[in-house]
Amino acid sequence: MKELTKTYAPKEFEDRIYATWCEKGYFTPDPASKAPTFSIVIPPPNVTGQLHMGHALDDTLQDILVRYKRMQGFNTLWVPGTDHAGIATQIKVEEQLRVNEGITRYDLGREKFLERVWDWKRQYGSRIISQLKKLGTSCDWTRERFTMDEGCSRAVKEVFVSLYEKGLIYRGNRIINWCPHCKTALSDAEVEYEEQAGHFWHIRYPIKGEDGYVEIATTRPETMFGDTAVAVNPEDEKTRHLIGKTLILPLVGREIPVIADDYVEIGFGTGCVKITPAHDPNDFLVGQRHGLEQIKVMNDDATMNRFAGKYEGMDRYACRKALIADLEAEGYLLSTEPHSHNVGTCYRCGTTVEPLTSDQWFVKMGPMIEPSLDAVRSGAIRFIPERFTRNYTVWMENLHDWCISRQLWWGHRIPAFYCDECGELTVTKEESAVCPKCGKPMRQESDVLDTWFSSALWPFSVMGWPDETEDLKKYYPTSTLVTGYDIISFWVSRMIFSGLEHTGKAPFSTVLIHGLVRDAQGRKMSKSLGNGIDPLEMIDKYGADALRFALATGNAPGNDMRFSDEKIEAARNFANKLWNASRFVLMNLTDDDMDLTLPRAEEMAAEDKWIVSRFNRLTRSVCENLNNYEIGVALSEIYDFTWDTFCDWYIELAKSRLYDKESEGASVARRTLLWCLTGILKLLHPYMPFITEEIFTALPHEGESIMISFYPDYDEHLLFAREEEEMERVISTIRAVRNRRAEMNVPPSRKANLIVITPYPETFRRATPFFEKLASAETLTVVDSYDGEGAVKIVTDSATVAIPMGDLVDLEKERARMEAERAKVLAEIDRIERKLANEGFVSKAPAAVVEGERAKLEKYRLTLSQLETALANL
RNA sequence: GGAGGCAUAGCUCAGUUGGUAGAGCACUUGCUUCACAUGCAAGGGGUCACAGGUUCGAGUCCUGUUGUCUCCACCA
């Protein structure tokens, strides 16, 4: 028989086991399977990224579900892959070019630059995949995908053309978020707001032909060059007289009208708002309503353009500073007050975004909103925890059109073509098209699509859509999507409306949301703080199983969790415990113990039936919790059972029979041990795949791997209520004896004779070896009555145990202790009696609860009478 | 401005349809018990933020208050 090393050493086997699983093809579902399917698509990590704790958590949860379902016999598929991550990847490669070669992408040109990015992708693209493998993820690697591979590109074109033809994609000049550093448009979702200290500058706008002026407050004076009106609310008495007047823009001298628009809030500020349609989303709308001219005053890099006059070429902030100084010098600056406000920043580079008007491509969201809300309302898609439904609904309801074009090079190039000859715009899936109108060659749109445009199609593009493939038929819609709450708006909602629009089906039925992994102090892990914990380092130090355990335990769905050395150490210790318990079982087994079935009920001792019955209950509870996505609760149940019930009690109880190796009892104990241990390994396998596999294959076992064995199932034939009760009596009495001995500082080496008075004489006679081994008993004698003086009396709800230890006993102390105990029991009896006397309780509480209280009362009464007898005998 | 989370043992957190509270770590005491000191045994420690309400019964459901975190919106 195989032997296990003395301590748990995950490095010795994790890689080997993973390689074996891959070789055997266990991760690939059987195409012939008729079983119900369970499918998941991985949230694709950035192709050039590295595994961080967020991934580790996300993918651990998915692997737990996938392995659980696979062991339950589902036809299970987990599709892996990576995302091209437009901006993120392009920034990285540009940075590398700058550092290594001192050049920009423009020096290389589009084609050469893209070659470089593909090189980069080839070089680093497999890194995160191999890191995922280290974690133990059971993805079907034969189906690995990339958001810019041929299939995904085809799906993207198909969707783009289809939406365009339906009128759901349009090109327009509208106000968008512009990142001056990335030099691209961003969607609303890609803008992060942060509170920044700023100022309100109050500026005087003179009224034409009058002496008066209008006071304007602004946080962004440099946009003044783009002002094309000043607005007041038509209902505002204080400003109504200004409507229709003409103002003169300070320093610029341009004339702008005062217009009336109820966008201006009465009572806020000066009641007069400068309107800059080209640089503010609200002003843009006001401008549209009033037909105002849009004057863009900045270049793509946020330097000022010719409309800024002498400030042309200055950076927007430099311009602001100079402008304020000039306004002050000319007497236009009325006052300055500090003002803190939210500033939009680019989610990739952190640069303050500039709202500006620009020609971009948009997805018209209107018609897709209602079906997306319906899918959730009807229950076709369920969020877990449920509260994220609201998060999703609110976002969906307030959705604006989605700006999908990016002025980047890395990404899906928009399949639109311009004919410079006749001005025709053609949107087509075809390459290098010729103008359908004039036959001249066309020029393809240079913009690429938002990364999230292709991610949104992921659940069906990876299945082969738009073709009616076998995978699509079998595995789409997918079952569960597992992701963090931080990308519900970026990704989850876009997959939902895309799935509904293009396949007519919601892409998944359940969305399991998890929180963020924070550091031990509760801070968000970030590069700039340098507080990130590297999952690979953790795997190296503690093993992948310990990492997975630490991530799966101790937190409820949707809540953030803290990660600490403490936590993963506890997980590693648990692995070590399981390892050593297995060593114990293994070293006791003999060559005859290849029978993997449980001994027959008649053969089993009370303790065997007890552990089997408890395991059976555990199985039921674990499955219930896993089915409800209570992944952490299920794990802690397995943990408690393994450590407390199996190791601390059952193994110890079994030892007394194992000594006599040849005996029938030893054989039964060995088979029960093996059966239970194997069951624990199976229950635990989804969480800790490596250690359970290593032990499983070391033990006598059926089948070549635990990962393709069947998950334990509740079996009513394995419920032994009577033996459970019997063993609980024994255990609680052993505990009580230990407790008294510890209180009295009796060393374990000092054995004692136990005299037991009990209504369950047989139980205690049979349990004699347990008291000898676990309660330092020399002998155990069951008697009808005992009045020995100078004995310590231990009273439980099933027995009075007397220990004659004359010299050690202080009679007065004993009396006091027992009186105290009596008082406690009396209080309990009183409490329960009052409860049972309460008619409301008896008539309204469930029968089982009332029955439970009655049983408790019974026990307390027994304890009380025993205590009183003992006191009388003292 | 709107929405939501959290508030339970010294610390970090569980607590699944309401039935007087649990774990890990830390702490105290005792153990070289032949699987494990990454261990074994015993123990101390909580008016479940506060105030009301529903109920026979509330950590759990409802309302409000306070503290704290997050998301969304963006009134210049």
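Please read these numbers as outputs of a predicted model, since none were measured by experiment. The chains referred to below are lettered A, B, ... by the order of the sequence lines, with proteins before strands, and numbering in each begins at 1.
- Here the CD1 atom belonging to A/Ile691 is positioned 8.0 Å from the CG atom belonging to A/Asn576, to the nearest 0.5 angstrom.
- Note on A/Glu743: nothing from the nucleic acid sits closer than 4.0 angstrom, heavy atoms only.
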Sugar-phosphate atoms are those with a prime plus P, OP1 and OP2; base atoms are the rest. Using that split, label each nucleotide of nucleotides 5-15 of chain B B, S or - for protein heavy atoms under 4.0 Å, 5' to 3'. S------SSSS

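- For A/Tyr193, there are no ring pair (Phe, Tyr, Trp, His ring centres under 6.0 Å) partners two or more places apart in sequence or in a different chain.
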Nucleotide-level pairing of RNA chain B, given in dot-bracket where Watson-Crick and G-U pairs need both distances under 3.5 Å and | marks other strands: (((((((..((((.....[..)))).(((((.......))))).....(((((..]....))))))))))))....

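- Both A/Asn838 and A/Asn739 lie close to RNA chain B; mapped to their nearest nucleotides by heavy-atom distance, the more 5′-ward contact belongs to A/Asn739.
- Nucleotides B/rG18 and B/rC13 are separated by 22 Å at their C1' atoms, to the nearest Å.
- Counting only distance, with no hydrogens or angles, the side chain of A/Tyr687 and the backbone of A/Ile631 share a donor-acceptor pair below 3.5 Å.
- Residues from residues 216-229 of chain A lying near RNA chain B, meaning a heavy-atom separation below 4.0 Å, are A/Ala217, A/Thr219 in numerical order.
- For the C1' atom pair drawn from B/rG4 and B/rU28, the interatomic distance equals 42 Å after rounding to whole Å.
- A donor-acceptor contact shorter than 3.5 Å is absent between the side chain of A/Asn177 and the backbone of A/Val353.
- Dense packing is recorded around NZ of A/Lys655, with more than 12 heavy atoms of other residues, nucleotides or ligands lying under 6.0 Å away.
- Residues A/Ser340 and A/Glu195 bring a donor and an acceptor atom of their side chains to less than 3.5 Å of each other.
- B/rG5 and B/rA42 have their C1' atoms separated by 39 Å, with the value rounded to a whole Å.
- If you check every strand for non-hydrogen atoms under 4.0 Å, A/Pro846 touches a base.
- For A/Tyr347, the ring pair (Phe, Tyr, Trp, His ring centres under 6.0 Å) partners are A/Phe490, not counting sequence neighbours.
- Screening residues 549-589 of chain A for ring-ring contact (aromatic ring centres under 6.0 Å, His included) gives A/Phe13-A/Trp579, A/Phe549-A/Phe574, A/Phe549-A/Tyr639, A/Phe574-A/Tyr639 as the qualifying pairs, with residues at least two apart or on separate chains.
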